[in-house]
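Because the structure is predicted, anything quoted here is derived from the model rather than measured. We're numbering straight along the sequence, starting at 1.
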Amino acid sequence: MVSPSKKTNDTLDMDRPTCVGIIGGGQLGKMIAHEARRMSFRVIVLDPTDGCPAARVADEQIVADFKDESAIMKLAEKCDVLTYEIELANSSALRQLEERSYPVRPAPETLRIIQNKHRQKSFLKEHGIAVPDFALVKSREHLEELCRKFGLPAVLKATEDSYDGRGNYVIKSRSDIQKAYSYFEGREMMIERFIPFSKEVSIMVARNPSGQIESFPVVENVHKNSILDTTVAPARISKKVELRATRMAKKAMEVLHGAGIFGIEMFVTKRGDVMINEIAPRVHNSGHYTNEACSVSQFEQHLRAVLDLPLARPELLAPAAMINILGPEEFEGPYAVAGLDGMMKVPAAALYIYGKKASKPRRKLGHITATGRTVGEALARARKARNAIKLVPSSSSTTATRTTGGGGQDK
């Protein structure tokens, strides 16, 4: 194992560059790796998919499950510091490394708290941070009782191994209770009071091990089918609400003792109150706009944090909008991206295609970011660029299949 005493900040030794290990090799890992390589850090990723998106940028890939303890130890032996781009990482294995004074950032205990949504909400509530009312579900009969207590609609959630809507079920009427319970049967589940929010917002906040905390602007999000569709920066909220959101996010970072960047999603009520919906201990989809619109990207800021370098104070250089590119409902399998000519004619618009080998309905395959003089102009440009892009079955493929709806999702 690389000596944990080796300096990972201040000086970059080009004869033996600092190596960052990333658990997870999806689009988030790819963009972290891209920023690391820009500064000539080495990068090794661990991901079960051979040739994952991050593997195209990283120096090396270890092909193994996110929870594979021996693979995580192998990754640590090759690297100077470990981080992760997915909550499915093995927090127990990471804790073993931390006990040997090996730098794992964010900390394994932070990951353990956040990995379970009930544990996460309980932790925040214990520290006086506003969250929706919630409770663990013990049985179908208990779920019926809780629905009477919280009222309908209510949100049933799997507590672990879920993201992008996979683990949420909105119970709209009493006739939905049995169906919702069966959907998660065999898994730990919790219910949350439905919040009739006026806006969904989020904020990227970074903290380094030295205790420095820096926040990005509060942004406004629009979800469709529980998957992020559009992010607008800055959020169209009052200064009072912006200040409340920023203070709450910083308090969450202080009590979690996180080192790295965190995506903190919040509800804004019609009265202007703010409460935390969920926290992701990693770079986040709603922070992609920072590449084009901010003085520092969320990906560079995350690297600064995990390497205990001074954090930049982010500045919004221009209003921006980000729109995700999801796999269409009509087919799954190898795909092609059409419409590049039209997209490239849109001013101040940037296209990101992640390099995933197959499309699935509602799978995140890329995104568009656009900037403008106003939020309205940025949003109009992003929509125009997104509308130009079409995902179609690959002309060289004989394996793409038509679907009848539904389908997988991923982060």
Side-chain angles (χ1 to χ4, degrees), residues 27-28 30-39 199-208 212-222 228-247 249-250 253 260-266 280 282-307 309-325 343-354 366-386:
Q27 65 268 20
L28 303 178
K30 180 180 182 179
M31 288 185 270
I32 295 171
H34 185 272
E35 284 294 277
R37 292 299 302 275
R38 177 175 64 81
M39 295 182 279
K199 287 187 187 295
E200 290 181 280
V201 300
S202 62
I203 181 169
M204 303 304 303
V205 186
R207 180 181 182 276
N208 64 18
Q212 182 187 0
I213 297 176
E214 297 292 348
S215 301
F216 284 80
V218 180
V219 300
E220 181 181 336
N221 299 318
V222 176
L228 182 63
D229 179 79
T230 303
T231 294
V232 171
R236 293 165 288 189
I237 54 177
S238 69
K239 286 291 183 183
K240 183 182 291 186
V241 171
E242 179 186 6
L243 184 59
R244 285 175 180 167
T246 302
R247 284 176 174 170
K250 286 186 175 180
M253 290 297 287
I261 199 163
F262 287 56
I264 303 179
E265 298 180 274
M266 304 176 182
R282 53 172 171 78
V283 292
H284 194 264
N285 193 173
S286 66
H288 289 347
Y289 78 96
T290 61
N291 275 351
E292 282 68 41
C294 291
S295 54
V296 63
S297 75
Q298 65 165 336
F299 306 103
E300 179 181 331
Q301 191 81 313
H302 181 65
L303 286 166
R304 287 174 178 237
V306 301
L307 295 170
L309 292 164
L311 300 180
R313 181 162 294 175
E315 296 179 18
L316 185 67
L317 304 178
M322 186 283 306
I323 301 179
N324 276 326
I325 299 173
M343 181 270 143
M344 296 292 180
K345 291 176 182 176
V346 180
L351 171 66
Y352 290 80
I353 298 297
Y354 303 144
H367 70 268
I368 297 279
T369 303
T371 57
R373 289 163 292 188
T374 64
V375 164
E377 183 176 59
L379 190 55
R381 286 173 171 175
R383 285 171 175 164
K384 186 175 182 180
R386 174 63 189 93

Which pair of non-hydrogen atoms, one from [X] and one from [Y], has the smallest distance, and what is that distance?
X      : Y      : result
Arg313 : Ser295 : O-OG, 3.8 Å
Val201 : Ile237 : CG1-CG2, 4.4 Å
Ala378 : Pro319 : CB-O, 3.7 Å
Ala312 : Val296 : CB-CG1, 3.8 Å
Val375 : Ala233 : CG2-O, 3.9 Å
Arg381 : Ala348 : NH1-CB, 3.6 Å

Holding to side-chain hydrogen bond (donor to acceptor under 3.5 Å, both in side chains), I want the full list of residues that pass it with [X], two or more places apart in sequence or in another chain.
X      : result
Thr369 : none
Arg386 : none
Asn291 : Tyr352
Gln301 : none

[Y] side chain reached by [X] side chain, heavy atoms, under 4.5 Å:
X      : Y      : value
Met322 : Glu292 : no
Ile353 : Leu351 : yes
Ile325 : Ile368 : yes
Glu300 : Thr290 : no
Lys250 : Ser215 : yes

For the [atom1] atom of [X] and the [atom2] atom of [Y], what is their distance to the nearest 0.5 Å?
X      : Y      : atom1 : atom2 : result
Asn208 : Glu214 : CG    : CD    : 9.0 Å
His302 : Ile32  : NE2   : CD1   : 4.5 Å
His367 : Gln27  : NE2   : CD    : 9.5 Å
Ile323 : Asp229 : CD1   : CG    : 6.5 Å
Ser202 : Ile264 : OG    : CD1   : 9.5 Å

Can you tell me if Arg38 has over 12 outside heavy atoms packed within less than 6.0 Å of its CZ?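 Counting other residues, nucleotides and ligands, CZ of Arg38 exceeds 12 neighbours.
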Using the side chain to side chain contact (heavy atoms under 4.5 Å, CB included) rule, take Leu303 and Met39 through it: C-alpha gap first, then chi angles, then the decisive distance, then the call. CA-CA 10 Å; Leu303 286 166; Met39 295 182 279; 4.0 Å; yes
State which residues pass ring pair (Phe, Tyr, Trp, His ring centres under 6.0 Å) with His284; sequence neighbours excluded, sorted by chain then number.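 Testing His284 for ring pair (Phe, Tyr, Trp, His ring centres under 6.0 Å), a comparison that skips the adjacent residues, returns none.
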Can you list everything that forms a ring pair (Phe, Tyr, Trp, His ring centres under 6.0 Å) with Phe262? Sequence neighbours excluded, please. none
Check whether [X] reaches the backbone of [Y] with its side chain - one donor and one acceptor, N or O, closer than 3.5 Å.
X      : Y      : answer
Lys30  : Tyr354 : yes
Gln298 : Val283 : no
Arg207 : Ile213 : no
Asn324 : Leu228 : yes

Pairing residues for Lys384 by the salt bridge (Lys or Arg N to Asp or Glu O under 4.0 Å) criterion, not counting sequence neighbours: none
Report, one line per pair, each donor and acceptor closer than 3.5 Å where one atom sits in a side chain of residues 239-247; sequence neighbours left out.
{"unit_1": "Arg244", "atom_1": "NH1", "unit_2": "Gly272", "atom_2": "O", "d": "2.7"}
{"unit_1": "Thr246", "atom_1": "OG1", "unit_2": "Glu242", "atom_2": "O", "d": "2.9"}

Once side-chain contact (heavy atoms from CB on, under 4.5 Å) is applied, do any residues pair with [X], and if so which ones, sequence neighbours excluded?
X      : value
Lys345 : none
Ala349 : Met343, Val346, Ala370, Ala385
Ala380 : none
Ala293 : Tyr289, Leu316, Ala320, Thr371

Could you go step by step and tell me if Thr231 and Asn285 meet the side chain to side chain contact (heavy atoms under 4.5 Å, CB included) rule? CA-CA 9 Å; Thr231 294; Asn285 193 173; 5.9 Å; no
Worked verdict on Ser297 versus Glu35 for side chain to side chain contact (heavy atoms under 4.5 Å, CB included): CA-CA 9 Å; Ser297 75; Glu35 284 294 277; 3.4 Å; yes
